[in-house]
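Here's the structure, in structure tokens; my notes come after.
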Amino acid sequence: MNLHPLPAFDVVVTGRAEIASDIVLLTLERAGGEALPSWSPGAHIDLMLPNGIERQYSLCSDPADTARWSVAVLREAAGRGGSEYVHSTLAVGETLRVRGPLNHFAFDTAPEYAFVAGGIGITPLLPMIRAAEAAGVPWTLDYAGRSEGSMAFVRELRSDHPLQVSVYSSEAGERLALDERFASVAAGALVYCCGPSRLLDAAQAVADGSGWPAGRLHLERFEAKAAGAPVLADAFDVELELSGMTLTVPPERSILDVVEEAGVLVLSSCREGTCGTCETPVVSGEVDHRDSVLTPEEQADNEVMMICVSRAACPRLVLEL
Ligand code: FES
């Protein structure tokens, strides 16, 4: 039983280019030439690599182009091997399985936007910037990275939009002061921020300290945030309403592991609460949300949960599975 289907299909790598130090831009087209699924700015796809590793990458091409997708892949020496495979082995002409697109970083309508990128976090913001520009909506981008040579798309962004784009290279001693920057963001503007955890945590802290209303700051995390100790230290029960099963989840296992072991097929990818693939509707019960995908408001709504990391905050959860 596949309760949350996402399309999975083959694509062919039709282009690859080194666009910055340790960043490769891949162009993907559907094997067979059909149109690719539609997507909106902020969406990502799962790349299922031939070495068995599955990784999520934000789409950074033009959503109107249904013939090809682009993803930019940063080589992560301490990663699980996905980016290393892309950099060292993946060649033009190779076929890959992909799943998606999925979007947990939706681009909402606003009278103005402030974009904040750290390193490879520029990728989901790029289609948003293009959409804001095309709609004539004012925007700014603050883009921080180790060095300009390591920052994808930095030259085009700066030369095309010199008044809107500010670049901060830590190697050059330049620093993005988020508190000052956020203090000057126009009332009503939405802020979209993507990058390493330390940048996103700092952005959240400044927004909280400034009393920003819920929904003004939008974050996209590539790395799981620290979740702290679970609410319940003990086992809990999960009732699967559609499957008619009740399962016990011990403290050392995830709901996803237990559900899969019982033979219920749930799509998953990152298994660390960052991609949103395992999102599952909650019928009843309190959830200990431990993911890095849902906003605090979505978590408080308690309507869905990421069962790869989130747990029960009560003895019995009922899920639509
Ligand atoms: S599998 Fe990615 S959030 Fe659960």
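Heavy-atom basis, side chains included; hydrogens, waters and symmetry copies ignored. Just follow the structure's listing: the first ligand is 1, and inside any ligand the first atom is 1.
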(request) Assess whether atom CZ of R253 is packed by more than 12 heavy atoms of other residues, nucleotides or ligands within 6.0 Å. (result) yes

(request) Would you tell me whether T295 and E297 have side-chain atoms, one donor and one acceptor, within less than 3.5 Å of each other? (result) yes

(request) Would you check if the distance from the ring center of F115 to the ring center of Y143 is below 6.0 Å? (result) no

(request) Mind checking how many protein N/O/S atoms fall short of 2.8 Å from atom 2 (Fe) of ligand 1? (result) 2

(request) Could you pull out all residues at least two apart from T109 that satisfy side-chain hydrogen bond (donor to acceptor under 3.5 Å, both in side chains)? (result) none

(message) For the residue pair T140 / R181, report whether a side-chain donor-acceptor contact shorter than 3.5 Å exists.
(response) yes

(request) May I ask you to decide whether R290 forms a salt bridge with D288, counting only side-chain N to carboxylate O separations under 4.0 Å? (result) yes

